[in-house]
Amino acid sequence: MAALLVSFTGCKKSSGPEMQPAGDTIKVGEFASLTGSEATFGQSSHKGTVLAVEAINAAGGVLGKKIDLLTEDNQSQAGQSSTVVRKLISSDGVVAILGEVASSRSMEAAPICQENKIPMISPSSTNPKVTETGDYIFRVCFIDPFQGTVMANFSRKTLKLNTVAVLPDVKSDYSMGLAKFFKEGFLADGGKIVAEENYSGGDKDFNAQLTAIKAANPDGIFVPGYYTEVGLIAMQARQLGITVPMFGGDGWESSALIPIGGKALEGDYFSTHFSPQDSSPAVQNFVKDYQAKYNGETPDAMAALGYDSAMMLADAMKRAGSTDGAKIRDALAAEVNFPGVTGNITMDASRNASKPAVILSITNGVFQYVETIAP
């Protein structure tokens, strides 16, 4: 698991709206799935966040103070996000919260941040309900209505699919939301859904669902899940003789996906936020810095989004000239064309990032860039 590169100071959160935190640091909280079923998501996001904080501090910090990142592990478990976020706010006195990757866990923490008027920035929770919680909740990623439409268009126009089966995780707000928006887009474009099955996160056996899907004879299968199940689904599908392409969303992107699914994933596709193969100087500089810090490891989308979330928070605090929650909130809401490594970020009226999506294929056992699709 990723090392917890955190430090703790003894100062308490100031109560005056115009006051800066006591001491020499600005305390920022982060909650992430550093262990448990989606640990690669949290570890990548955390690594990107740490890299950003170190860069911010090396450049002089924010408002003359260094950022002190306090990180908590929610263990990928329901109920833990609310516990650790309450601790970060009430005990540690953070002025803002970064996290989470998974939409369900962000939705668990968001009401607590909203109630306490603590700005929260999710790196990559794509379910629309996350920011609907209130005006202190933001994200630096696109949302599922866009991602679902992107994959519907990709499946119709690029893959030339006429019929698909859909296989979401009923336990995941992310998966069910993405399935909904994909189906709406696919049907609107003249496609036909010939089978709808589901599973529950943590399942290991998908043969019953896949047997029903095989009988429906779709041109492709949309699996809007997380890598932990997607790899197993792909393997079991191929074992049943299903040869049509499978495709999904950003929940697929993990260094653990191919070790789980192996050759069964060849020729499949997913949408995401970032490709290290992007030739832009901003992306290549980020990749170089990330590899230098993490022993040659190549950053994925979660790492890039973690980096962007911390950078955008620092930018908002600088523009606000304050660490007061309401002032940070207003500065975040006014963000236009922030130069993130995942693309320029503009906050819309619902505090969602308007930005492009990237399509990757799984080819010869690696993720390969296919195309970028603008909003």
Side-chain angles (χ1 to χ4, degrees), residues 1-6 28 30-36 38-58 67 69 71-74 76 97-103 105-106 121-126 139-142 174 226-228 249-259 270-314 338-345 353 355-358 360 366-369 372:
M1 87 179 232
L4 296 187
L5 305 178
V6 300
V28 171
E30 177 197 23
F31 71 111
S33 305
L34 296 171
T35 58
E38 283 88 54
T40 69
F41 285 161
Q43 290 171 14
S44 288
S45 178
H46 175 65
K47 287 177 179 178
T49 301
V50 167
L51 185 66
V53 169
E54 290 183 351
I56 292 161
N57 287 343
I67 290 179
L69 183 68
T71 302
E72 294 284 346
D73 177 14
N74 60 30
S76 305
I97 295 282
L98 300 172
E100 221 257 18
V101 169
S103 292
R105 293 190 276 276
S106 286
I121 306 175
S122 168
S124 52
S125 292
T126 52
R139 71 181 108 214
V140 295
C141 58
F142 51 64
Y174 159 78
Y226 291 140
Y227 66 92
T228 37
D250 57 329
W252 285 39
E253 185 168 4
S254 166
S255 58
L257 176 65
I258 293 172
F270 61 94
S271 54
T272 189
H273 311 259
F274 166 86
S275 170
Q277 297 169 349
D278 188 322
S279 60
S280 77
V283 169
Q284 289 309 307
N285 286 335
F286 167 70
V287 170
K288 180 184 69 176
D289 291 344
Y290 191 93
Q291 291 178 328
K293 180 169 177 60
Y294 297 114
N295 300 314
E297 180 182 332
T298 299
D300 60 12
M302 305 308 159
L305 289 164
Y307 183 89
D308 280 352
S309 68
M311 284 294 191
M312 195 173 76
L313 174 61
F338 176 79
V341 295
T342 59
N344 288 350
I345 300 169
K355 62 195 297 192
V358 171
L360 302 182
V366 296
F367 299 155
Q368 294 284 355
Y369 173 80
T372 296

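Only this structure's heavy atoms are used, side chains among them; waters, hydrogens and symmetry mates stay out.
- Partners of Ser280 according to the side-chain contact (heavy atoms from CB on, under 4.5 Å) rule, which considers only residues two or more places apart in sequence or in another chain, are Asp278, Ala282, Val283.
- Under the side-chain contact (heavy atoms from CB on, under 4.5 Å) criterion, Ser271 pairs with Gln147, Met151, Ile359, not counting sequence neighbours.
- Side-chain contact of Glu30 with Thr71: a donor-acceptor pair under 3.5 Å is present, judged by distance alone.
- The main-chain N or O of Gln277 is found under 3.5 Å from a side-chain atom of Ser275 such that the two form a donor-acceptor pair.
- Taking 4.5 Å as the limit, some side-chain heavy atom of His46 sits within range of a side-chain heavy atom of Leu34.
- Contact annotation: the side chain of Met311 never approaches that of Val341 to less than 4.5 Å [non-hydrogen atoms, C-beta and beyond].
- Rounding to the nearest 0.5 angstrom, the gap separating the NE2 atom in His273 from the CE atom in Met302 is 5.0 Å.
- Counting heavy atoms from C-beta on, the side chains of Phe367 and Leu257 come closer than 4.5 Å.
- Atoms SG and CG, from Cys141 and Leu305 in turn, are 6.5 Å apart once rounded to the nearest 0.5 Å.
- For Phe274, the ring pair (Phe, Tyr, Trp, His ring centres under 6.0 Å) partners two or more places apart in sequence, or in a different chain, are Phe286.
- Across Tyr174 and Gly251, no two heavy atoms sit closer than the pair OH-N, 2.8 Å.
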Might you work through the side chain to side chain contact (heavy atoms under 4.5 Å, CB included) test for Thr228 and Glu38, ending with a clear yes or no? CA-CA 7 Å; Thr228 37; Glu38 283 88 54; 3.7 Å; yes

Using side chain to side chain contact (heavy atoms under 4.5 Å, CB included), reason through Gln43 and Thr35 one step at a time and then give a plain yes or no. CA-CA 8 Å; Gln43 290 171 14; Thr35 58; 5.7 Å; no

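- Applying the side-chain hydrogen bond (donor to acceptor under 3.5 Å, both in side chains) definition to pairs two or more places apart or across chains, those involving residues 302-311 are Asp308-Thr342.
- Rounded to the nearest 0.5 Å, atoms CZ (Arg105) and OG (Ser103) are 9.5 Å apart.
- Judged by distance alone, with hydrogens and angles left aside, the side-chain atoms of Thr272 form no donor-acceptor pair with the main-chain N or O of Val358 at under 3.5 Å.
- Nearest heavy-atom pair, Ala310 versus Ile56, reported as atom, atom and distance to 0.1 Å: O-CD1, 3.8 Å.
- Counting all heavy atoms, side chain and backbone alike, Ser255 lies closest to Pro259 at O-CD, 3.2 Å.
- Ser106 and Glu100 share no donor-acceptor pair across their side chains, judged by distance under 3.5 Å alone.
- Scanning for side-chain hydrogen bond (donor to acceptor under 3.5 Å, both in side chains) contacts around Asp300 gives Ser44, with sequence neighbours left out.
- Side chains of Thr298 and Gln291: a donor on one and an acceptor on the other come within 3.5 Å.
- For Ser124 against Asp250, the heavy-atom pair with the smallest separation is O-OD2, 4.0 Å.
- Arg139 and Ser125 are not linked by any side-chain donor-acceptor pair at a separation below 3.5 angstrom, with hydrogens and angles left out of the test.
- Val28 places a side-chain heavy atom less than 4.5 Å from the side chain of Leu98.
- The closest donor-acceptor contact from the side chain of Tyr294 to the backbone of Lys47 lies under 3.5 Å.
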Give the C-alpha distance, both sets of side-chain angles, the deciding distance and a yes or no for side chain to side chain contact (heavy atoms under 4.5 Å, CB included) between Thr40 and Tyr227. CA-CA 10 Å; Thr40 69; Tyr227 66 92; 3.0 Å; yes

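- Atom CD of Glu54 is separated from atom CG of Leu69 by 9.5 Å, given to the nearest 0.5 angstrom.
- Annotation: the span from Phe142 atom CZ to Thr126 atom OG1 amounts to 7.0 Å, rounded to 0.5 Å.
- Residues forming a side-chain hydrogen bond (donor to acceptor under 3.5 Å, both in side chains) with Thr49 (at least two apart in sequence, or on another chain): none.
- The distance from the CG atom of Asn344 to the CZ atom of Phe338 is 9.5 Å, given to the nearest 0.5 Å.
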